[in-house]
Number of protein chains: 2
Amino acid sequence: MKAFHEYKNPSLAVDLVVFGYHNNTLSVLLLNRKDEPYKDQWTLPGGFLQMEETLRDTCERILYTKLGMNKVFLEQLYTFDEPERDPRGRVIAVGHYALINPSKFQIVAGTMANDVKWFNVKHLPALGFDHKHIFQVALQRLRSKILYYPVGFELLDELFTITELHELYECILETKLDRRNFRRKILDAAYIINTGTKREGLKNRHPELYRFNKQLKKNSFHINTPEDE
Amino acid sequence: MKAFHEYKNPSLAVDLVVFGYHNNTLSVLLLNRKDEPYKDQWTLPGGFLQMEETLRDTCERILYTKLGMNKVFLEQLYTFDEPERDPRGRVIAVGHYALINPSKFQIVAGTMANDVKWFNVKHLPALGFDHKHIFQVALQRLRSKILYYPVGFELLDELFTITELHELYECILETKLDRRNFRRKILDAAYIINTGTKREGLKNRHPELYRFNKQLKKNSFHINTPEDE
DNA sequence: TCAAAAGTGTTAGTAGTACACCCATGG
DNA sequence: CCATGGGTGTACTACTAACACTTTTGA
C-alpha cells in the first residue's frame, strides 16, 4: 500500500444546475465560456473546490461571485467521474442543483464568461463537457422531488396564489393536473397557509395569496402524475 | 483565476456500505483497521481512487481485493466532504452501497485489516471516521429504494420463496407487512415468476420457488409501510 | 393426528379521479 | 353585462387494509 500522501488525486469541481421559474417557464442558467476548453460554448456554471471549502461552500461561492446569488436552495445531486469528461485532465465533478427565484437577483456575467443567460429547459443549446447529462439528472431529480417534497416555494415569490403553484407543477412535470384536485391535495396537506390577503390589480376575480407552511411535517403528501399508471 | 494545474486537490476515496442478508438478519460488513488512524477500530471498507479508475472501478477493486467479491449490485450514494472527516488530511469520500448474498462469497481479511466481519445493522459497534453517518444514509436509501424498486433479489438466492422475500422486506423495513397483501402485490406486479418447483426437505408444506422477473417494467409497483400515514 | 407454515378471497374503508356550476372583478 | 379566471362539492372508481380458514408436510 502506498503512503497516504503518495496518491495522485484528480481535480475536484462542482457543477451547478441552477433552475429558475419565470413567465410560466422553467429555465436553467448557462454560461458562455470565455476560455478553452469549450470556448464560446454554453456550459453549466462550475468551479474547483478550494482546500478549505466544503462542496457547499464552493457552490455558494460560485453562485455569489459568478451570479450574484445568495441563500438559495441547494442540494447535492451526484458525482460525475467519467475519466474523459474534461479535456484538461482528470476532473471529478460533484453535481448540485439550485432553485432560485429569478426576480430576486440581477444576474451578472462576471469576468469569467462572455455571457450568462436563462434558457428554457425545453430548448437548450448544445452544452460542453458532460453538462447535458448533469442537467438531465438534475431535471429528473427535481421532477421526482416535487412530487413528495414542497420544493416549489423556492421558485416562487413569498406570497403566491394556488393557480401560480399549480402552473409551476404543470410546467415542471410537463403534464396537466386537475385544478380542483390539486387545490384540495395541497390544502389538505397543510402545505400552504392562507394569508387572508388577495392579489390586487388583476382584471378578473382577485385570487387569495398563500405562503409556504414551514412547520410542514415531512411525508404528509404525495402528488400523482398520470404517468404513474 | 488560477491555471488549471495550480489547484490543490483533496484526496478522493470511496467508502462502501456492503449489505448482506443471512439468517433473517440484515448485516453490514466492517473492517477492523490494522493501521492508524482508527487503528483497531471498526470502519467501512474503502480506499483511494487511482487516476485511471472510475469510482465504480475503485469500488469493484476494493470489493474484489479486500473482500473477494465480484459482480455485485453497487450504487453511488452521496459524497461526504466534511473537512475534518479524516485526521490525515482533506479526504473527500464518495459513499457507495452494495448488496450481496453472503452465501456466495467467502470473505477474507486480506492484508489490510485485522478482521472482517458481518454485523447486524441493529447492533453496530462504534465506527471510525464519519462512517456511522455514511452507514445511516445507506440504510435509509436501501429502505426507500426497496419500496419501489426490486432490489431485494440481490440479497437472496436465485430461487426463493415468497415467505423468504416477505421476511426480507420486514427485516429491512423493520415493520410488519400483511402476508396476504404482500403476496398479492408482489404477484400482481409480475415482480417474480413461479418456477413450478418447490423447496424440498422442510418439515412443513413445501413452498413454491420463484425467481426475479428481469423483464419487469419500472414503476410497476409500490409497497406501503405503516409509517406512510 | 398434530403442529407448523403455505396458500387462498372477501369486505370495508380510504384515497384518487373526473367533472360543472357559481362568484368576483375590470372593462 | 360580459368575459375571464377563481373558488367550491359530489359521485364513482380503484386501491389499501384488515382479517380466517383450508392444505400440505414431517414427525
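Just the heavy atoms: all of them, side chains too, but no hydrogens, waters or symmetry mates, feed the values below. Within every chain, numbering begins at 1; the chains are lettered A, B, ... in the order of the sequence lines, protein sequences first and strands thereafter.
Counting to the nearest Å, the C1' atom of dG6(D) and the NE2 atom of His166(A) are 13 Å from each other. Separating the CG atom of Asp178(A) from the C1' atom of dT10(D) is a distance of 13 Å, rounded to the nearest angstrom. Here the P atom of nucleotide dT4(D) and the NZ atom of Lys203(A) are 9 Å apart, to the nearest Å. The nearest whole Å value for the distance from the CD1 atom in Ile192(B) to the C1' atom in dA6(C) is 14 Å. Separating the CD atom of Glu208(A) from the C1' atom of dT8(D) is a distance of 11 Å, rounded to the nearest angstrom. Between Asn181(B) atom CG and dA20(D) atom P the separation is 13 Å, expressed in whole Å. Rounded to an integer number of Å, the gap from Arg183(B) CZ to dG9(C) C1' is 13 Å. Summarising the geometry, the separation between NZ on Lys198(B) and P on dT25(D) is reported as 6 Å, rounded to the nearest angstrom.
Toward the 5' end of DNA chain C, the nearer of the two residues Glu200(A) and Leu209(B), judged by each one's closest nucleotide, is Leu209(B). Mapped onto DNA chain C by nearest heavy atom, Arg184(A) and Leu202(A) fall at different nucleotides, with Arg184(A) at the one closer to the 5' end. Along DNA chain D, the nucleotide closest to Arg180(B) and the one closest to Asn204(B) are compared, and the more 5′ of them pairs with Arg180(B). For Arg179(B) and Thr161(A), each mapped to the nucleotide of DNA chain D holding its nearest heavy atom, the one lying further toward the 5' end belongs to Thr161(A).
Residue His206(A) has a polar side-chain atom (N or O) positioned under 4.0 Å from OP1 or OP2 of dG26(C).
Taken to the nearest 0.5 Å, the OG1 atom of Thr43(B) stands 8.0 Å off from the CG atom of Asn32(B).
Out of dG16(C), dG5(D), dA6(C), the shortest distance to the side chain of Lys185(A) is found at dG16(C).
With 3.5 Å as the limit, one finds a donor-acceptor pair spanning the side chains of Thr195(B) and Thr197(B).
Salt bridge status for Asp157(A) with Arg199(A): absent, with no side-chain N to carboxylate O gap under 4.0 Å.
Ring planes of Tyr97(B) and Phe19(B): perpendicular class, angle over 60° (limits at 30 and 60°).
Counting heavy atoms of neighbouring residues, nucleotides and ligands inside a 6.0 Å radius, atom CD of Gln140(A) does not exceed 12 of them.
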